[in-house]
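A quick write-up on the structure given underneath.
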Number of protein chains: 2
Amino acid sequence: MQNRAEDGLNCTIDERIVGKERERETLGENLRRHLERSISVGELAPGTRLDEKELAARYQVSRTPVREAFRLLAASGMVELRGRQGAIVREIGVNQLLEMFQVMAELEGLCARLAARRITTCQRQRLAEIHQHLVEIGEAPTPDPDLFYQVNLEFHELIYTASHNTFLEEQTHSLRNRVGAYRRQVTNLPQRIASTIEEHERVMQAIFQHDAEAAHNAMRGHLTLLGEDLIDFIAQFGR
Amino acid sequence: MQNRAEDGLNCTIDERIVGKERERETLGENLRRHLERSISVGELAPGTRLDEKELAARYQVSRTPVREAFRLLAASGMVELRGRQGAIVREIGVNQLLEMFQVMAELEGLCARLAARRITTCQRQRLAEIHQHLVEIGEAPTPDPDLFYQVNLEFHELIYTASHNTFLEEQTHSLRNRVGAYRRQVTNLPQRIASTIEEHERVMQAIFQHDAEAAHNAMRGHLTLLGEDLIDFIAQFGR
DNA sequence: TATATGTTTATTGTATTCAAGTTTGATTTA
DNA sequence: TAAATCAAACTTGAATACAATAAACATATA
């Protein structure tokens, strides 16, 4: 908490601690991060089977850490373990995806609400910078989708941090990772670029004006891709 | 999902599937459930050191499944693994506890909002029954705190289910478990019983009237109060 | 020819062994 | 007597060996 407060003042991130933690990191943890990244980026497509032996060979470790990583990923819902039938990258059904988006919208809404009250001046500057960057990317003749995705991510992540609720930040970050592979498909649609920037604008202004409710609503609106009525309708289907 | 839909109609829970899953459950998973329960109930107090060898002996398994369980619990934040220094039941600081309550309030608020729109008639009946039960417990000359805690849990859990968002249900349930050991101390305060029932009344009425916003606010209010009481409780401790 | 059953193979779950690190206690020196 | 250093033991991290289960293929029978 204290560290984070300092963060807000001097705008630096203490990478040393991360580095130190990395040293002490267990092989399984390390592997989990690798795989999680691969999955959330879409490198490992949903449905892909993960072979213990193969991964063990690839990463030059024994099966034990690989299994550890699998369990961890299963716990966070990114892979599915079927007893003695191997691990597969979890396929998220349309239903569950909508469910997750709904929760995501609520969590990010809370982030925005808290950020409106707690954001530091330094974080305000940074947020404006990121937004400006995003605008520039959008104005390019042929916007780079990957770059847009990346900077868009930065925008949202900064708001998580600005909520100054570490737990919320972690939860939201983790959930975003989990739906990352799918979200990318939606967020990156070219026609979404303009409206994304517009919506970010609204969120940002609300935060800058310390209008918690407006920030909450703007963020929720930004993330509510489908009408709530439609979601209700699909929820009745039951997959 | 299909099962859940049927749930709504005939009010039964298919225990067979759970039983079947239990059979196929891995030892590590099983152990995780046991430990998680012990922790969330408060049987294993925060700060308690968990010894691999001892647990392996107690549960008549090798160290491997025990380690698996530890990793899983660490992933969900219930225990802390310090490299080669053993696992301890995580002590949740006051800060983080408040952070968690804030997220909890938001998630349960969403549950209530969705429940207001989606609750089935069967679930309405059940909710009313549970509430009535809670009232009766509260009216007893000397209310049983454990029973009150248990039935109170049922009330909230039913609302999670009535949201008809499985993912949200799981997330909220998991978070509640995580703060369970601390929450219990607060919820069980005798003077909270009356106001808890009153607040439940408001939440329930809003849900019955399909007033999503009112349900959301009532639930958030209900849990925010818990947070404030929590502050009082912790203040007594001094930590 | 199709289906069912049995056997074999491959893959995962569990146990045991090996290695590395931390802690604690004892001994020595100041 | 106190503090510091070294060593030994205990505990965890990782690897390998073993057991059990499920899937796939082949053969036999209807």
Side-chain angles (χ1 to χ4, degrees), chain A residues 17-36 38-39 44-91, chain B residues 16-36 38-39 44 46-91:
Chain A
I17 288 178
V18 176
K20 197 176 175 186
E21 290 297 312
R22 284 282 158 76
E23 277 176 28
R24 322 218 131 201
E25 195 177 49
T26 191
L27 288 179
E29 267 296 316
N30 196 322
L31 200 54
R32 184 194 59 77
R33 273 193 307 102
H34 269 262
L35 292 175
E36 185 173 306
S38 295
I39 292 172
L44 284 166
T48 306
R49 191 162 174 290
L50 300 174
D51 189 56
E52 279 188 4
K53 209 187 288 180
E54 183 201 322
L55 283 170
R58 170 123 50 99
Y59 287 89
Q60 306 275 22
V61 295
S62 84
R63 268 179 54 217
T64 305
V66 177
R67 293 174 56 71
E68 254 181 47
F70 281 9
R71 296 301 147 86
L72 258 24
L73 289 169
S76 74
M78 298 190 77
V79 310
E80 203 173 337
L81 295 176
R82 294 200 278 207
R84 308 206 187 253
Q85 266 169 267
I88 61 172
V89 178
R90 187 158 181 187
E91 302 233 34
Chain B
R16 283 169 303 152
I17 289 179
V18 177
K20 197 176 177 187
E21 290 297 313
R22 285 284 157 76
E23 277 177 28
R24 322 219 134 199
E25 195 177 51
T26 192
L27 289 178
E29 267 297 314
N30 196 322
L31 199 54
R32 184 194 61 77
R33 273 193 307 102
H34 268 262
L35 292 176
E36 184 173 308
S38 295
I39 292 173
L44 284 166
T48 306
R49 190 160 177 291
L50 299 174
D51 189 57
E52 280 189 6
K53 207 188 288 181
E54 184 201 322
L55 283 170
R58 170 125 49 99
Y59 286 89
Q60 306 273 22
V61 295
S62 84
R63 270 179 51 216
T64 305
V66 178
R67 293 174 55 73
E68 255 182 47
F70 281 9
R71 296 302 146 86
L72 259 25
L73 290 169
S76 73
M78 298 190 78
V79 310
E80 202 174 337
L81 296 176
R82 292 199 278 208
R84 308 204 187 255
Q85 266 169 264
I88 60 171
V89 177
R90 187 158 181 185
E91 301 233 35

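The heavy-atom pair separating B/V79 from B/F70 by the smallest distance is CG2-O, 3.7 Å. Residue A/G77 comes nearest to A/R90 through the heavy atom pair O-CD, 3.3 Å, listed as atom of the first residue, atom of the second, then distance.
Residue B/Q85 places none of its side-chain N or O atoms closer than 4.0 Å to OP1 or OP2 of D/dT11. For the pair A/R49 and C/dA10, the criterion of a side-chain N or O lying under 4.0 Å from OP1 or OP2 is not met. The shortest distance between the side-chain N/O atoms of B/K53 and the OP1/OP2 oxygens of D/dT12 is not below 4.0 Å. For A/R67 and C/dG13, the shortest distance from a side-chain N or O to OP1 or OP2 is below 4.0 Å.
At the heavy-atom level, A/L27 lies under 4.0 Å from the strands shown only through sugar-phosphate atoms. When heavy atoms are screened at a 4.0 angstrom cut-off, A/G28 is found touching no nucleic acid atom at all. Note on B/R71: only backbone sugar-phosphate atoms sit closer than 4.0 angstrom, heavy atoms only; bases stay farther off.
Regarding A/E80, its CD atom lies at a distance of 15 Å from the P atom of C/dT12, rounded to whole Å. Distance CD (A/E54) to C1' (C/dT11): 13 Å, rounded to an integer number of Å. Rounded to whole angstrom, the span from the CZ atom of B/R82 across to the P atom of D/dT11 amounts to 17 Å. If you measure from atom CD of B/E52 to atom P of D/dT11, you get 10 Å, rounded to the nearest angstrom. Here the C1' atom of nucleotide D/dA14 and the CG atom of A/N30 are 14 Å apart, to the nearest Å. Look at CG on A/L55: it is 13 Å from P on C/dT11, rounded to the nearest Å. A/Q60 has its CD atom 15 Å from the C1' atom of D/dA14, to the nearest Å. Put simply, OH on A/Y59 is 22 Å from P on D/dG13, counting in whole angstrom units.
Looking at B/T64, its side chain comes within 3.5 Å of the base of C/dA15 through a donor and an acceptor atom. Applying the 3.5 Å distance criterion, the base of D/dG13 shares a donor-acceptor pair with the side chain of B/R63.
A/R32 and A/E29 are joined by a salt bridge, as a carboxylate oxygen and a charged side-chain nitrogen come within less than 4.0 angstrom of each other.
For the atom pair CD1 of A/I39 and NE2 of A/H34, the computed distance is 13.0 Å after rounding to the nearest 0.5 Å. A/E80 CD to A/E91 CD: the interatomic distance, rounded to the nearest 0.5 Å, is 9.0 Å.
Looking at the side chain of A/T26, the nearest of the listed nucleotides C/dT12, D/dA14, C/dG13 is D/dA14. Across D/dT16, C/dT11, D/dT11, the shortest atom-to-atom separation from the side chain of A/S62 is found for D/dT16.
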